[in-house]
Amino acid sequence: MRWSQAFVPTLRDDPADAEAWSHKLLVRGGFIRQLATGIYVLLPLAHRTCQKIIHTIRQEMELIGGQEFMMPALHPKEIWEKSGRWETMGSEMFRLRDRKEADLCLGMTHEEIFTHIGGELKSYKQLPQIWFQIQTKFRDEARPKSGILRVREFRMKDAYSFDLDQAGLDHAFDQHHKAYRQIFKRCGLDPMAVEASSGAMGGGDSIEFMVPSDAGEDLVASCGKCGYAANLEKATSELTPVENRDALDTPEKFATPGVGTIEEVAAFKGGAPAGHQIKTLVYVFDGRLVLILMRGDHGLSEQKLLDSVEVGELHPASEEEMQEVLGATPGSLGPLTSQLPAEVDGKKMLILADPALEGRVGMVCGANEDGYHYRGVDIARDVAVDHWLDMREVQSGEGCPYCATPLAVCKTIEIGHIFKLGTRYSKSMGMDVLDQNGKAQNVIMGSYGIGVERLMASVVETSHDEKGIIWPVAIAPYEVVICVLKAKDVEVLEAGERIYDALVAAGIDVILDDRLDNPGVKFKDAELIGIPYQIVVGPRSLKEGQVEIVRRRDGDKREVAIEHAAEEVGEEVVSERKRRA
RNA sequence: CGGGGAGUAGCGCAGUUGGUAGCGCACCGCGUUUGGGACGCGGGGGUCGCGAGUUCGAGUCUCGCCUCUCCGACCA
């Protein structure tokens, strides 16, 4: 490709609304342009990089026996009703009607469709299967952001495994884990593999591949010593024990006018530090009011709570509901049996408590009367806890659950997620095969995803400098750029063209910068778009029969004889192309 | 969904009490220049987000709508 004819619209300034590095650099470098909120055009450079990412993914998937499909983006309502997700997916699903008024949706994932087709598998002899596709997904995200990191239309490699038994699933899961490591490594990433909540997908074990980055939206707790790492939606930690304050024979009510928050109670004379308070939250579980008790200095993880209860939908109660049932507003709520209604809608009010409260005495909590609290509360004696559930959000510095080393919490980007679905979909969609005994068995499934554009953006997030992107060879839009510094000078241009021809003949992806612009423009652009190798052909060194080779990642520069340049760069590029783990 | 902010040339922005719509970069032509975003001269480019209203006159004032963005809620 000749740069003079290439569509590479680089910009001198950052776009005004960009925050994330990947957003700024991909826009400035002429890789992407926004069409609407969360919808982007991939210009030729980005398309080339994504094609290489896809190629890498495809190769590794095929190495573990994956078979690629082409799936429709448009799905009929009926198939999503079978799994129950037409209802549960809510407004994140793009829905539309055809001319016959039939309901359709744009596919946001493909469990249903693959399971539907999987219905044609009839015998255990046909298993295992690994099926995948690399296609566009549509999700009406509530808040797209950070350029291409969180969008409404994107490509995903999603794979589904079908096995007869748990051991088969475990094997498929493990194969995917290894394949993912290869894929990310080849793309120049080294993500953390972390334990994750399986969330709305349902199912068992779930591992996310997370790239640490300030532009990330997920928080991960990790242990630098033993390697434990988990999404904050799932993480647990070892707490340093708290010394109980003095117990009282009976809880003592005291006035706390105008005092509501944990901090205010801690600062109030006669109150108690946050660790000696009971935080009382009120939630609604499928329409039923529930009390959630946390230590005052701890936060609730809604996801951990959701994952540990059998509830379809939960949300915080409104102030009106709290007032009506408990007789007080947030800030004065408490769980004392003596201060709670005996029954709500004919049932005892359910009380869930975090284990950090177990065995605690001398605690302070709200009195269910505005402006009053109790002190000297003994949880075992005074509170009728129904279930103890770990639903606390881990904080940085708390102990690793395995080795007690302080945990670090960092922001990350989720680029891949693998999980064991089990029979969630094969059951609801009626997918089974006959086993050795001729008996029907629900197939056990796994599901495995990688976001293509997000992977590209993650590489930019982790591999750039002030000047621009630094692509690894494997996914660089071009592997080599030849900067012809004085393209008007026929001798110089021809020298560049000879190297260009030699590299093309060697199968190297090369772009010839034959523009008439000044040298500075070419250097800046080459650095901005992040081409791994630059061959500088200028009148100065050409007099000596030399050209300069510059390596983007570390700025390494060397002069070589013009006749050796193509060969030398070509060899280096080829050796870097397929770095496997 | 709640709360802020913003829409003026491809990009970044200015535009006063309402009075002929501007600047930098980019772009086109000619010339000089060519090892770090060069310079001179000459040019092109606008439904001032959309629609109403007030006014002799609206980029500017009023109302409605749309879009984009940030924070929060939500979220494989």
Side-chain angles (χ1 to χ4, degrees), chain A residues 7 9-20 23-24 27-28 30 33-39 85 88-93 107-111 137 139-147 150-152 154 156 158 196-203 206-210 217-218 231 233-234 302-303 306-307 313-316 414-421 424 446-451 454 467-468 483-489 492-493 513-528 534-544 546-548 550 555 557 559:
Chain A
F7 184 63
T10 57
L11 302 173
R12 193 182 287 240
D13 301 312
D14 282 335
D17 49 25
E19 304 274 330
H23 188 190
K24 289 180 187 174
V27 171
R28 270 189 60 205
R33 289 292 186 264
Q34 180 169 316
L35 185 64
T37 305
I39 304 177
R85 293 206 292 181
T88 58
M89 274 307 183
S91 51
E92 204 175 321
M93 179 183 262
M108 49 198 303
T109 175
H110 282 71
E111 278 80 9
K137 298 282 187 277
R139 295 181 188 180
D140 194 359
E141 285 282 347
R143 185 141 107 79
K145 58 184 288 199
S146 304
R150 186 175 180 80
V151 290
R152 298 195 291 171
F154 59 98
M156 178 185 262
D158 48 325
S197 159
S198 39
M201 300 300 303
S206 164
I207 291 179
E208 288 170 332
F209 292 85
M210 310 297 264
E217 299 185 277
D218 282 285
N231 194 306
E233 293 179 346
K234 165 99 177 180
E302 274 194 24
Q303 191 65 51
L306 188 60
D307 287 347
E313 189 274 333
L314 57 79
H315 62 263
E414 176 189 351
I415 54 168
H417 196 164
I418 58 179
F419 44 96
K420 299 181 179 176
L421 289 175
R424 160 80 175 79
S447 162
Y448 317 88
I450 295 178
R454 186 180 276 186
K467 296 171 177 173
C483 290
V484 178
L485 292 189
K486 194 176 175 184
K488 239 185 181 175
D489 182 326
V492 183
L493 182 59
D513 193 348
D514 58 339
R515 293 176 297 173
L516 299 178
D517 296 82
N518 281 307
V521 174
K522 302 185 182 200
F523 292 136
K524 291 280 191 224
D525 274 346
E527 284 155 354
L528 175 61
Q534 203 181 104
I535 299 177
V536 183
V537 183
R540 200 178 72 192
S541 61
L542 203 59
K543 273 188 208 141
E544 323 293 324
Q546 305 266 302
V547 296
E548 190 175 55
V550 185
K557 288 182 185 176
E559 299 255 319

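Labels below follow one simple rule: chain letters A, B, ... track the order of the sequence lines, proteins then strands, and each chain is numbered from 1. From a predicted model like this one, the values you see are computed outputs, not experimental measurements.
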Q: Calculate the interatomic distance between A:Ile39 atom CD1 and B:U69 atom C1'; express it in whole Å.
A: 16 Å
(Q) Under 3.5 Å, is there any donor-acceptor pair linking the side chain of A:Glu527 to the base of B:G36? (A) yes
(Q) Can you list every stem that RNA chain B is part of, counting only runs of 3 or more consecutive Watson-Crick or G-U wobble pairs with both distances under 3.5 Å? (A) B:1-7 with B:66-72, B:10-13 with B:22-25, B:27-32 with B:38-43, B:49-53 with B:61-65
Q: Using the closest heavy atom to pick a nucleotide of RNA chain B for each, name whichever of A:Arg540 or A:Tyr448 lands nearer the 5' end.
A: A:Arg540
Q. Over how many whole Å does the gap from A:Lys145 atom NZ to B:G5 atom P extend?
A. 20 Å
**Q.** Gap in Å between the two P atoms, one belonging to B:C74 and one to B:A38, rounded
**A.** 50 Å
Q: Can you spot which of A:Glu208, A:Gln303, A:Glu414 makes a side chain to side chain donor-acceptor pair (under 3.5 Å) with A:Asn231?
A: A:Glu208
Q | Interatomic distance, A:His417 NE2 vs B:C75 C1' [rounded to whole Å] | A | 13 Å
Q. How far does the C1' atom of B:G51 sit from the matching atom of B:U67, given to the nearest Å?
A. 15 Å
Q. Base, sugar-phosphate, or nothing for A:Arg33, non-hydrogen atoms under 4.0 angstrom?
A. nothing
**Q.** Value in whole Å for how far the C1' atom of B:U69 lies from CZ of A:Arg150
**A.** 15 Å
Q) Between A:Asp525 (CG) and B:G37 (P), how many Å, whole number? A) 13 Å
Q | Side-chain N,O (A:Ser91) to OP1/OP2 (B:C74) below 4.0 Å | A | no
Q: Please report, rounded to the nearest Å, how far the C1' atom of B:A76 is from the CD atom of A:Glu414.
A: 6 Å
Q) Touch check for A:Ala142, heavy atoms < 4.0 angstrom, all strands: base, sugar-phosphate only, or nothing? A) base
Q | Check ion pair A:Glu19-A:Lys145 (N to O, under 4.0 angstrom) | A | no
(Q) I need the NZ-P distance between A:Lys137 and B:A76, as an integer number of Å. (A) 16 Å
Q.
At 4.0 Å (heavy atoms only), tell me whether A:Ser541 reaches a base, stays on the sugar-phosphate, or touches nothing.
A. base
Q | C1' spacing across the pair B:A14 / B:C25, given as an integer number of angstrom | A | 15 Å
Q: Identify the heavy atoms of A:Asp14 and A:Lys24 that sit nearest to each other, and give their distance.
A: OD2-CD, 3.4 Å
Q: On RNA chain B, check which nucleotide each of A:Asp13 and A:Lys524 is closest to and give me the residue with the more 5' one.
A: A:Asp13
Q: Please state whether the phosphate of B:U69, meaning OP1 or OP2, lies under 4.0 angstrom from any side-chain nitrogen or oxygen of A:Gln34.
A: yes
Q: Using the C1' atom as the reference point in each nucleotide, state the distance between B:A21 and B:G15 in Å, no decimals.
A: 8 Å
Q. When rounded to the nearest Å, what value does the distance between P atoms of B:C11 and B:C27 take?
A. 15 Å
Q: Tell me whether the OP1 or OP2 atom of B:A38 has a side-chain N or O from A:Asn518 closer than 4.0 Å.
A: yes
Q: Quick one: label A:Ala487 by what it contacts on the DNA or RNA (base, sugar-phosphate, nothing), any heavy atom closer than 4.0 Å.
A: nothing
Q. Heavy atoms under 4.0 Å, any strand shown: does A:Lys522 hit a base, just sugar-phosphate, or nothing?
A. nothing
Q) Looking at B:G37, does its base get a donor-acceptor pair with the side chain of A:Arg28 below 3.5 Å? A) yes
Q: With heavy atoms under 4.0 Å as the rule, sort A:Gly449 into base, sugar-phosphate or nothing.
A: nothing
Q | Presence of A:Thr37 side-chain N/O under 4.0 Å of B:C68 phosphate oxygens OP1/OP2 | A | yes
Q) Within the structure shown, what part of the strands sits under 4.0 Å from A:Asp517 by heavy-atom distance: base, sugar-phosphate, or nothing? A) base
**Q.** Length of the NE2-P vector between A:His315 and B:A73, whole Å
**A.** 16 Å
Q | Heavy-atom closest contact (A:Arg28 atom, A:Asp13 atom, distance) | A | CG-O, 3.2 Å
Q.
Any side-chain N or O of A:Arg143 below 4.0 angstrom from OP1/OP2 of B:G72?
A. yes
Q: Please work out if A:Met93 contacts a base, only the sugar-phosphate, or nothing of the nucleic acid, heavy-atom cut-off 4.0 Å.
A: nothing
